[in-house]
Protein chains: 4
Amino acid sequence: MHPLDDIKPRWERRKDARPQELLAAALDLFVERGFASTRLEDVAKRAGVSKGTLYLYFTNKEELFKAVVRDNIVPVIGAAEEIIAGFDGHSADLLRKVIIEWWQMMGESEASGISKLIMAEAGNFPDIACFYQDEVITRGTNMIASMLNRAVARGEFRPMDVTTVTQVLIAPMMMLMTWKHSVGPCEKSQLDPIAFLDAFLDMALHGLLLPPAPPA
Amino acid sequence: MHPLDDIKPRWERRKDARPQELLAAALDLFVERGFASTRLEDVAKRAGVSKGTLYLYFTNKEELFKAVVRDNIVPVIGAAEEIIAGFDGHSADLLRKVIIEWWQMMGESEASGISKLIMAEAGNFPDIACFYQDEVITRGTNMIASMLNRAVARGEFRPMDVTTVTQVLIAPMMMLMTWKHSVGPCEKSQLDPIAFLDAFLDMALHGLLLPPAPPA
Amino acid sequence: MHPLDDIKPRWERRKDARPQELLAAALDLFVERGFASTRLEDVAKRAGVSKGTLYLYFTNKEELFKAVVRDNIVPVIGAAEEIIAGFDGHSADLLRKVIIEWWQMMGESEASGISKLIMAEAGNFPDIACFYQDEVITRGTNMIASMLNRAVARGEFRPMDVTTVTQVLIAPMMMLMTWKHSVGPCEKSQLDPIAFLDAFLDMALHGLLLPPAPPA
Amino acid sequence: MHPLDDIKPRWERRKDARPQELLAAALDLFVERGFASTRLEDVAKRAGVSKGTLYLYFTNKEELFKAVVRDNIVPVIGAAEEIIAGFDGHSADLLRKVIIEWWQMMGESEASGISKLIMAEAGNFPDIACFYQDEVITRGTNMIASMLNRAVARGEFRPMDVTTVTQVLIAPMMMLMTWKHSVGPCEKSQLDPIAFLDAFLDMALHGLLLPPAPPA
DNA sequence: TATGAATGAGCTTTCATTCAT
DNA sequence: GATGAATGAAAGCTCATTCAT
């Protein structure tokens, strides 16, 4: 296709872009202030539109919130799943890679705010919490579990209760996200995420790795 | 002091009790609905007083919230510290005991709601978040760190970077509290806290324990 | 009871009076502007209170509207029924009296606005319309019908289809109320209610009266 | 003019049709929901055009409303007047015919909704009310009055106060229209328009007819 | 002409806070 | 101290109206 074929009048391009601009603005404010304290007028203003425009794209505040969650969760999950699919080395390296890259993608971006958001607002939006459970926790859990099964099958990790170990491996990631958006900003709070994850991985691998067969 | 000196007419004792009744009611509702969605009228009603009375004891909603947090954090910390002080066995047993009992006291009681509350509202109350950091996280961290130092000193755990390992040991506890008050109530969410903690402790101790010195 | 026993502090008396003050204000404005065009702030202002106060007594605009209707309909019906109960003369005089007094009580007061209100808003409040049908139309119809039955029983009116004649007798009353609140205020509109009712009654009685028995 | 001169390309003919389609849609919705509750977007949608198009033909909502009223009133009046002009029998039959046919044309069609509309919204549109008074009530009144004068002149009805009797004859028609669009739809509401009009006419003619001259 | 995205004034409703009693 | 009626700012949401295309 000729590159110019895609050019649309500025005005119409905006129409297509609007929902994304609004979702981006809403993500920022929801993460920063929480659901209740975010005023829709501020979301609109940050997106450069008026209050009424927001309602052309989202039925109400709750639907906007849900859209923000959905819009930011799906890509994160997909990305993480791809990392695993294409890996072909030792499972210990894979685990390290997945967890460290997860933090770089999710934790260091604003996406981590989504998780914190869900933790915080779950009580007021049970369906969102369950949606998150299904779409993120379950898929993420399956992803980690598949790594562990692979490792055991390849004789790289000891046999184990995969389900529970999976939950154990997820814990530090949840902690990092929660920490980042709560006490993290406090002066006295001192936590180096990468060092923390390294230490955790060292400890975990120590317990998971099958010791090399002793020389005969 | 003569025991009867402490006796006051009932209505005066009630005066002292009022704030506690209000704090208890507020704790329940804040945990259940979050800060913004909790109406002071409901707090007052649950405490059996009128809305106006609430303002005799707390300047405004924000101060009530802070009082709730402070009131519920202090005892939790103290209780955890006492567990350690009086223990005299192997450090591995101590670690197990502290973590399991912590969950039974904190996690299974409403006190865990306080932590969730702080995570959720930290953005709106930075000073509360820092207060929590100072009074809970730091003290809790010191507590765990002292256990680790004791263990290393007694030749029970390997030498280690105590600060980071401490943070690693805290992670599953934070995860449990967050989980309990967010996706925990979802149908599909399946997590047995005790089994989870056991698995974590197994893995951790595996990495921490100094292998017994080989016979010469 | 001693007359002074009833005296309450001004402030508390107001509390009891509030709903009535609000209903009166709402009646005025609803009749004048219709349901949708009436702003609750104006209702409150006319009652001398703030917007919020209104919500202490009525759940929302719709409930206020329903309360206005109920509050103004019941007494009207009762009053009309009493007129009949205590009458003891010729049925023709009773019919005249009931209809003329009805206009003086209902039509010339603001209560007639209620009927107009219901006609106007019936589409938006089907339950109100039915409530009106049950409480006013049906009761009013029964009232008129009982007069006609009495008249026939006493040999004063000819035998007739009471149900339909009743509806015929109601028509001019409905017309007057509708007229008063619609085209009545126009310059060119010329209708003298009493003359109109007189003419109608003359015509009706002409058709209803049993001619005196011819001398044998 | 040559018959083909009138042929226009379809799109241009549509241009003329637009206002009619819009007026028809607006009539439906105004009658169904009242002025305030009718959204212009719905009117446009029902007419199959966009919201903006509506504003090409009508300055604003109020003007659309007025156009709807005017557009639907004129033909009604004209039709009723024609009935009389061409009649040549007894005045009693004429009166019956006019009133019954009026209900069949006006009452049973959507046109009756216009009258109800005016009754309901008169307060917000005094000029509409007066327009209705002038164009409908006055003309209708004159029409009925002319029938009565004809009847008296022909010695068919007694001499009477034509003005007031006219108003009396109009009452049941107003009642029927009001009833149809307010409490009519209620379950309990039972009114057979034709039976009602028949009963009214019987009663009225009883009072109006000149008794046949006694045989000499 | 026709469109429909965008606007923003305006309204209902909520609730933290005040204060006369 | 205790009450609860009253307040009014604030926020969500609607919809008549405009205007660039």
Side-chain angles (χ1 to χ4, degrees), chain A residues 8-12 14-16 18 36-45 47-64, chain B residues 11-12 14-15 18 36-45 48-64, chain C residues 8-18 36-45 47-64, chain D residues 11-12 14-15 18 36-45 48-64:
Chain A
K8 300 178 184 177
R10 184 173 51 91
W11 185 74
E12 190 170 344
R14 292 199 64 73
K15 172 200 157 190
D16 295 340
R18 272 292 136 70
S37 300
T38 295
R39 284 180 305 151
L40 291 189
E41 185 151 21
D42 290 342
V43 172
K45 201 177 297 168
V49 299
S50 76
K51 217 182 347 176
T53 300
L54 203 156
Y55 283 87
L56 294 177
Y57 298 98
F58 303 97
T59 310
N60 55 32
K61 195 180 184 180
E62 192 166 331
E63 288 306 317
L64 173 62
Chain B
W11 62 265
E12 197 169 340
R14 283 197 59 74
K15 164 192 155 189
R18 275 290 146 69
S37 300
T38 294
R39 281 179 299 156
L40 291 191
E41 182 151 23
D42 291 342
V43 172
K45 197 180 299 167
V49 299
S50 77
K51 223 184 333 179
T53 303
L54 203 156
Y55 280 86
L56 295 177
Y57 297 100
F58 303 97
T59 311
N60 55 31
K61 194 180 185 180
E62 194 167 329
E63 288 306 318
L64 172 63
Chain C
K8 301 178 184 177
R10 183 172 51 93
W11 184 75
E12 191 169 343
R13 270 217 315 280
R14 294 199 63 72
K15 173 199 156 188
D16 295 340
R18 273 291 137 72
S37 301
T38 294
R39 284 181 303 150
L40 290 190
E41 184 150 20
D42 290 343
V43 172
K45 201 177 296 167
V49 299
S50 76
K51 220 180 342 176
T53 300
L54 205 155
Y55 282 87
L56 294 178
Y57 299 98
F58 303 96
T59 309
N60 54 33
K61 194 179 185 180
E62 192 166 331
E63 288 306 317
L64 173 63
Chain D
W11 63 265
E12 197 170 342
R14 282 197 62 73
K15 165 190 155 189
R18 275 290 144 71
S37 300
T38 294
R39 280 179 300 157
L40 291 191
E41 182 151 24
D42 290 342
V43 172
K45 199 179 298 169
V49 299
S50 75
K51 224 185 332 180
T53 302
L54 203 156
Y55 280 86
L56 295 176
Y57 297 101
F58 303 97
T59 311
N60 54 32
K61 194 180 185 181
E62 194 166 328
E63 288 306 318
L64 172 63

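Naming: A, B, ... by sequence-line order, numbering from 1 per chain.
Proximity of C:Val49 to C:Leu56: side-chain heavy atoms (C-beta onward) are nowhere separated by under 4.5 Å. For the pair B:Glu63 and B:Asn60, the minimum side-chain heavy-atom distance is below 4.5 Å.
Between the P atom of F:dA5 and the CG atom of C:Leu54 lies a distance of 15 Å, rounded to the nearest Å. Taking atom CG on D:Leu64 and atom C1' on F:dC15, their separation rounds to 15 Å, with Å as the unit. For the pair A:Tyr57 OH and F:dC13 P, the computed distance is 18 Å after rounding to whole Å. Look at CG on A:Leu56: it is 18 Å from P on E:dT3, rounded to the nearest Å. In this structure, the CZ atom of C:Phe58 is 15 Å from the C1' atom of F:dA5, given to the nearest Å. The nearest whole Å value for the distance from the CD atom in D:Glu63 to the P atom in F:dA16 is 15 Å.
Of all heavy-atom pairs spanning D:Leu54 and D:Leu40, the tightest one is CD1-O, 3.8 Å.
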The dot-bracket string of DNA chain F, counting Watson-Crick and G-U wobble pairs with both distances under 3.5 Å, using [ ] for crossing pairs and | for pairs to another strand, is .||||||||||||||||||||
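To the nearest 0.5 Å, the span separating OG on C:Ser50 from NZ on C:Lys45 amounts to 11.5 Å. Distance check, rounded to the nearest 0.5 Å: CG of A:Asp42 to NZ of A:Lys51 gives 10.5 Å.
Comparing F:dT7, F:dT3, E:dT3 by their nearest atom to the side chain of C:Ser50 picks out F:dT7.
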Would you mind building the protein contact string for nucleotides 13-19 of chain E? One character per nucleotide, 5' to 3', B for base within reach (heavy atoms under 4.0 Å), S for sugar-phosphate only, - for untouched.
BBSSBB-
